[in-house]
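If you're wondering where the values come from, they're calculated on a predicted model, not measured in any experiment. Order of the sequence lines sets the chain letters (A, B, ...), proteins ahead of strands, with each chain counted from 1.
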Amino acid sequence: MSRKFILTPEQELPVSSLTIPYQEELNEAQLEVVTSGPGPLLVVAGAGTGKTRTLIYRLAYLVETGVAPEHIVLLTFTRRSANEMLNRATGLLDGRCKRVRGGTFHAFCLTLLKKHASKLGYPDNFTLLDSSDSADVIDVIRTSSSVKTGGKRFPRKGTLQSIFSAVRNRGVSIASILESGYSQFADFEADIERLFGSYARYKKHHGLMDYDDLLILTLQLFKQEPDILKQEASLCRHVLVDEYQDTNAAQALIVKALSSVHGNVMVVGDDAQSIYRFRGADFTNILEFPTQFAGASVLKLEHNYRSSQKILNLANSLLEQATRKHDKQLFTLREGGELPGLVPAPDDRFESRFVSQLILQFREQGIGLHEMAVLFRNGHNSFDLEMELNRKNIPFLKYGGLKLAEAAHIKDVVAYLKVIENPRDAVAWNRILLLLEGVGPKTAGKIIEWLDGHSDGPFEVQERPFSGAYIESLTALFAMLRSVKKGNQTPSGQLESIIAFYGPILQRVYYEDYPKREQDLEHLIGLGTSYSNRSSLLESIALDPIELTAIDTEPTESDEPPLTLSTIHSAKGLEFKVVFIIQALDGVIPSSYSVGDQESLEEERRLLYVAVTRAADYLFLSYPMLQFRRYDGQYFTMPSRFLEHLPPEILEPCSLVEQQPNALNAAEKQSLLPPSTKQ
DNA sequence: ACAAGCAGTTTTTTT
DNA sequence: AACTGCTTGT
């Protein structure tokens with residue numbers, strides 16, 4: 001190691017001259033975090049303890065005490081939360097906070113890789129694969145390399161993608177992943193290994209990166225080019241990481257690398273809220289932080305400001321059942337409050353009516369819709385409720401679940417943009433070629449192979465060594481791509497040209513419901529206007545589909561801030577006065593996929609813990625007692641096993657009673673009874 | 001030989 | 001609603 005000279009801050013400010021009264025606005029533990037000195041620091045912060053608030057004050061404090069904002073890096077879980085934090089810090093201090101570098105690990109790495117792609121043998125215009133794109137790549141490779149299945153079931157493309165991703169995120173062998181989660185495919189280990197290699201080569205050859213590459217190639221870049229590491233790490237005088245319990249092995253190494261020059265790293269997290277194990281997150285990162293970063297201090301935030309004691313009691317009881325005990329008990333000074341309720345409903349429809357009716361009642365009492373949320377395990381768990389909310393004209397915004405960016409028609413349009421950006425992007429080519437009439441997988445493959453030899457200007461080449469019904473549409477496609485590439489259009493303009501070409505295809509392929517999809521495409525054009533060039537639009541679509549997630553079912557008529565509907569995963573870090581957790585069924589939470597594996601089951605428990613701790617004042621867990629299944633009709637359900645054996649003084653059993661119709665006035669009837677007769 | 005259409009099965013969570 | 005496997009049609 002070379003000698004280190006430690007520079008004193010550029011401007012020394014006495015704490016008394018700071019503009020924010022930190023002592024008044026923070027509790028003792030929070031203040032200690034905010035004003036802590038240099039070096040590594042782990043903050044273990046339970047749910048609702050003001051973790052975000054503390055981070056924001058820390059940011060402001062650093063800026064205020066003279067750290068250049070562009071030398072601070074704030075790594076968060078979503079870009080949404082980074083923006084929100086920077087905005088709040090700006091409100092607290094001033095515009096300087098806006099210059100803090102912030103975002104997700106993936107976005108941060110992408111910026112870095114765009115600068116240095118050539119060092120890794122990648123072209124500057126490489127394009128990104130989301131997980132379904134990468135599954136498509138794997139599918140193409142699998143078919144072309146003709147794996148002999150020997151009659152047995154070979155893993156599907158999506159399964160292969162998960163296996164590959166797990167291998168790379170956790171830094172373990174294929175054999176051990178197969179052993180731990182996919183033992184039925186153990187026979188194919190050699191084949192899978194071979195595909196894994198082909199997949200990596202294919203991506204490099206075609207200028208493609210998947211999500212995992214963003215992290216792993218960044219690490220590779222650092223390893224291969226120590227000067228770049230030094231240069232980048234020098235610019236990271238303070239590294240702040242939120243939700244550290246949900247980082248994976250690669251991300252932990254990136255944190256280590258970025259802080260390797262200055263050593264100022266502060267990570268915040270809660271091992272009890274780790275819910276991304278399926279994605280390779282490893283909460284031992286948080287437990288081992290003090291070992292990984294020598295001389296780290298550890299501070300705890302345990303005072304909960306969010307929830308009533310009764311809600312915390314339920315949260316604490318959930319954790320008490322956990323096999324791995326957590327050494328924290330949340331406490332609050334807030335007294336009173338209502339017991340969380342467990343509400344069995346006869347069926348889905350009753351559950352929806354119950355939730356929507358209570359939402360209206362709370363609104364009557366003066367609680368705004370935006371202070372309430374309905375949470376659920378799976379994106380589709382809210383379908384019935386969504387219909388009911390529409391019927392009752394309750395505006396809502398849904399997070400999580402199906403994203404617009406994942407819808408087939410959006411992916412189609414984006415694929416045109418991708419081939420214009422990166423003509424070697426074979427998956428995108430494959431997608432748009434298959435849309436031509438008369439072109440199937442084989443022909444698409446041939447055309448792509450031909451294109452490969454003309455990668456300099458595939459839209460220019462005049463020869464067309466193909467014949468067939470598709471030749472005309474292929475020519476038209478090339479002409480369109482050529483004109484968009486040449487034309488000096490804005491991203492929105494490019495989208496419009498593409499959509500003009502795609503319109504007839506859309507109507508042919510989705511003849512049943514194309515009007516709805518056309519609306520989505522209009523929406524996409526609108527989104528394009530906020531980007532200055534094609535490549536940033538593409539990056540945003542791949543990395544930050546948040547803006548696209550809000551699928552407004554109906555244009556909201558009122559200006560009332562809407563109710564939140566969210567998967568539990570997407571509700572991380574948020575809080576609401578009133579929370580409903582619907583479909584609290586065994587098989588849903590915990591998911592039936594998790595029951596075979598103790599670790600997964602524990603993660604499901606933490607998931608419920610996260611959901612419960614979103615609530616400040618009122619909490620209801622409901623479930624339908626009877627459900628329909630496609631083939632075996634109605635069947636009886638079981639409530640979540642995590643809620644069993646909880647005493648009534650922790651979780652109060654409630655019941656739904658149908659009021660006699662004649663006791664109601666007309667308006668109430670309207671709100672209680674579904675307009676149509678029951679099935 | 002390949003594309004297209006149909007029927008039956010299967011849907012977690014996300015950067 | 002999308003994916004797989006099968007059958008039919010060009």
Interface with DNA chain B, restricted to residues 274-282 of chain A and to heavy atoms under 4.0 Å
A/Y276, A/F278, A/R279
Could you tabulate the donor-acceptor pairs under 3.5 Å formed by side-chain atoms of residues 587-595 of chain A, not counting sequence neighbours?
from: A/S591; atom 1: OG; to: A/Y593; atom 2: N; distance (Å): 3.0
from: A/S594; atom 1: OG; to: A/S591; atom 2: O; distance (Å): 2.7

Give a yes or no on whether A/K442 atom NZ has more than 12 heavy-atom contacts from other residues, nucleotides or ligands under 6.0 Å away.
no
Working to the nearest 0.5 angstrom, can you tell me the gap between A/H569 NE2 and A/L607 CG?
4.5 Å
Please state whether the phosphate of C/dA1, meaning OP1 or OP2, lies under 4.0 angstrom from any side-chain nitrogen or oxygen of A/Y510.
no
Separation of A/D139 atom CG from C/dT4 atom C1', in whole Å?
11 Å
For A/G379, which contact category applies under a 4.0 Å heavy-atom criterion: base, sugar-phosphate, or nothing?
sugar-phosphate
Specify the separation, in whole Å, of atom CZ of A/R508 and atom P of B/dA3.
14 Å
A/L433 CG to B/dC2 C1', in whole Å, measures 15 Å
Counting any heavy atom closer than 4.0 Å, what does A/V439 reach on the DNA or RNA strands: base, sugar-phosphate only, or nothing?
sugar-phosphate
A/E539 side, atom CD; A/Y531 side, atom OH - distance, nearest 0.5 Å:
10.0 Å
Within the pair A/T443 and B/dA3, is there a side-chain N or O less than 4.0 Å away from OP1 or OP2?
yes
Nucleotide nearest A/T104 when distance is taken to its side chain, options B/dT14, B/dT15, B/dA4
B/dT15
Along DNA chain B (nearest heavy atom to each residue), the more 5'-positioned of A/H569 and A/G440:
A/G440
Under 4.5 Å between any side-chain heavy atoms of A/R508 and A/E437, yes or no?
yes
Under 4.0 angstrom, heavy atoms only, what part of the nucleic acid is A/E603 near: base, sugar-phosphate, or nothing?
nothing
Tell me: CG of A/L434 to P of B/dC2, nearest whole Å?
14 Å
If you count the non-hydrogen atoms of other residues, nucleotides and ligands that lie under 6.0 Å from CD in A/Q507, is the total more than 12?
yes
From CZ of A/F108 across to P of B/dT15 the rounded distance in Å is 19 Å
With sugar-phosphate meaning primed atoms plus P, OP1 and OP2, does A/S131 contact a base, only sugar-phosphate, or nothing at under 4.0 Å between heavy atoms?
base
From CG of A/D133 over to P of B/dT15, roughly how many Å is that when rounded to an integer?
15 Å
Nucleotide of B/dA4, B/dT13, B/dT15 approaching A/H106 most closely (side-chain heavy atoms)
B/dT15
Atom-to-atom span, CD1 of A/I447 to C1' of B/dC2 - whole angstrom
13 Å
Going from CG on A/N169 to CG on A/L215, what distance comes out if it is rounded to the nearest 0.5 angstrom?
6.5 Å
Whole angstroms only, please: what is the CG-C1' distance between A/L565 and B/dT13?
16 Å
Take A/S570 and A/L436, find for each the nucleotide of DNA chain B with the closest heavy atom, and name the residue whose nucleotide sits nearer the 5' end.
A/L436
Choosing from B/dT11, B/dT14, B/dC2, which nucleotide comes nearest the side chain of A/K442?
B/dC2
Give every residue pair that meets the salt bridge (Lys or Arg N to Asp or Glu O under 4.0 Å) criterion with at least one member in residues 272-282 of chain A, sequence neighbours excluded.
A/R277-A/D597
Side-chain N,O (A/T567) to OP1/OP2 (B/dT14) below 4.0 Å
yes
